[in-house]
Asker: 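Just dropping this structure here.
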Amino acid sequence: MQGVHGYRLQLTNTANSPLAIDISESTEMRIQRLITENPVIIFSRSACCMCHVMKRLLTSLGVHPTVIELEEDEIGALSESQQDDGGETVAPAVFIGGERIGGLESLVGLHLSGHLVPKLVEVGVLVL
């Protein structure tokens with residue numbers, strides 16, 4: 001069984017990592033690149049209980065998201081690279097197919113409305 005992937009977004013260059021970082025790349029550019037390269041990605045704060053619930057929901061559907069734990073100084077870069085959707089916090093935030101879904105409330109709302117599974121199928125991470 002495939003597990004949930006968790007990575008810390010750090011400035012060190014690790015060429016062997018699946019999330020290798022070009023140190024000349026800005027944090028905003030790195031976040032945007034990760035969003036486009038990963039069909040389902042969650043940006044989180046360290047030890048975030050809402051992120052844990054988001055991962056559990058997606059995993060229960062058979063989807064294994066990439067999870068990036070941002071440092072506090074990197075959280076601002078997430079809000080600069082993506083429009084905040086009103087009342088939700090900047091992190092945790094889930095992106096599916098490059099589209100910002102939002103935080104836990106938006107993800108659960110999408111699931112309860114019946115639109116989450118079709119969206120996951122559409123981006124190719126879930127097969128019915």
Asker: Is the closest side-chain donor-acceptor distance between Thr27 and Arg30 under 3.5 Å?
Answerer: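 Side chains of Thr27 and Arg30: pair found under 3.5 Å.
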Asker: Side chains of Val94 and Pro65: closer than 4.5 Å at any heavy-atom pair?
Answerer: no
Asker: To the nearest 0.5 Å, tell me how far Leu110 CG sits from Ile101 CD1.
Answerer: 5.5 Å
Asker: Quick check: do Thr59 and His64 have side-chain heavy atoms less than 4.5 Å from each other?
Answerer: yes
Asker: Do Glu122 and Pro118 come within less than 4.5 Å of each other through their side chains, counting heavy atoms only?
Answerer: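 Glu122 does not reach Pro118 side chain to side chain.
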Asker: If I take atom OG1 from residue Thr66 and atom CG from residue Leu34, how far apart are they, to the nearest 0.5 angstrom?
Answerer: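 Reported to 0.5 Å precision, the distance equals 8.5 Å.
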Asker: Checking Leu128 against Val117 for the side-chain contact (heavy atoms from CB on, under 4.5 Å) test, could you report, in this order, the C-alpha distance in whole Å, the side-chain angles of both residues, the deciding distance, and whether it holds?
Answerer: CA-CA 9 Å; Leu128 294 179; Val117 170; 4.0 Å; yes
Asker: Which residues pass the side chain to side chain donor-acceptor pair (under 3.5 Å) test with Ser113, sequence neighbours left out?
Answerer: His115
Asker: Got a second to check how far Ile68's CD1 is from Ser44's OG, nearest 0.5 Å?
Answerer: 10.0 Å
Asker: Just so I know, are the side chains of Leu58 and Ile42 near enough to count as touching, which here means a heavy-atom distance under 4.5 Å?
Answerer: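 Yes, at least one pair of side-chain atoms sits under 4.5 Å.
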Asker: How many angstroms lie between CZ in Phe95 and CD1 in Ile31, if you round to the nearest 0.5 Å?
Answerer: 8.5 Å
Asker: How many angstroms lie between atom CD of Glu74 and atom CD of Glu28, to the nearest 0.5 angstrom?
Answerer: 10.0 Å
Asker: May I ask whether Leu120 and Val127 are part of the same hydrophobic cluster, defined by side-chain heavy atoms of I, L, V, M, F, W, Y residues being less than 4.5 angstrom apart, directly or through others?
Answerer: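 The answer is no; the residues belong to distinct hydrophobic clusters.
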Asker: Mind listing the closest non-hydrogen atom pair of Ile35 and Ile41 along with its distance?
Answerer: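 Shortest heavy-atom separation between Ile35 and Ile41 comes out as CA-CG2, 4.2 Å.
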Asker: What are the two closest heavy atoms between Arg45 and Glu69, and how far apart are they?
Answerer: O-CG, 4.4 Å
Asker: Within the structure provided, determine whether Leu116 and Ile96 are in side-chain contact (heavy-atom separation under 4.5 Å).
Answerer: yes
Asker: Nearest 0.5 Å please: distance from the NE2 atom of His111 over to the CE atom of Met54.
Answerer: 13.5 Å
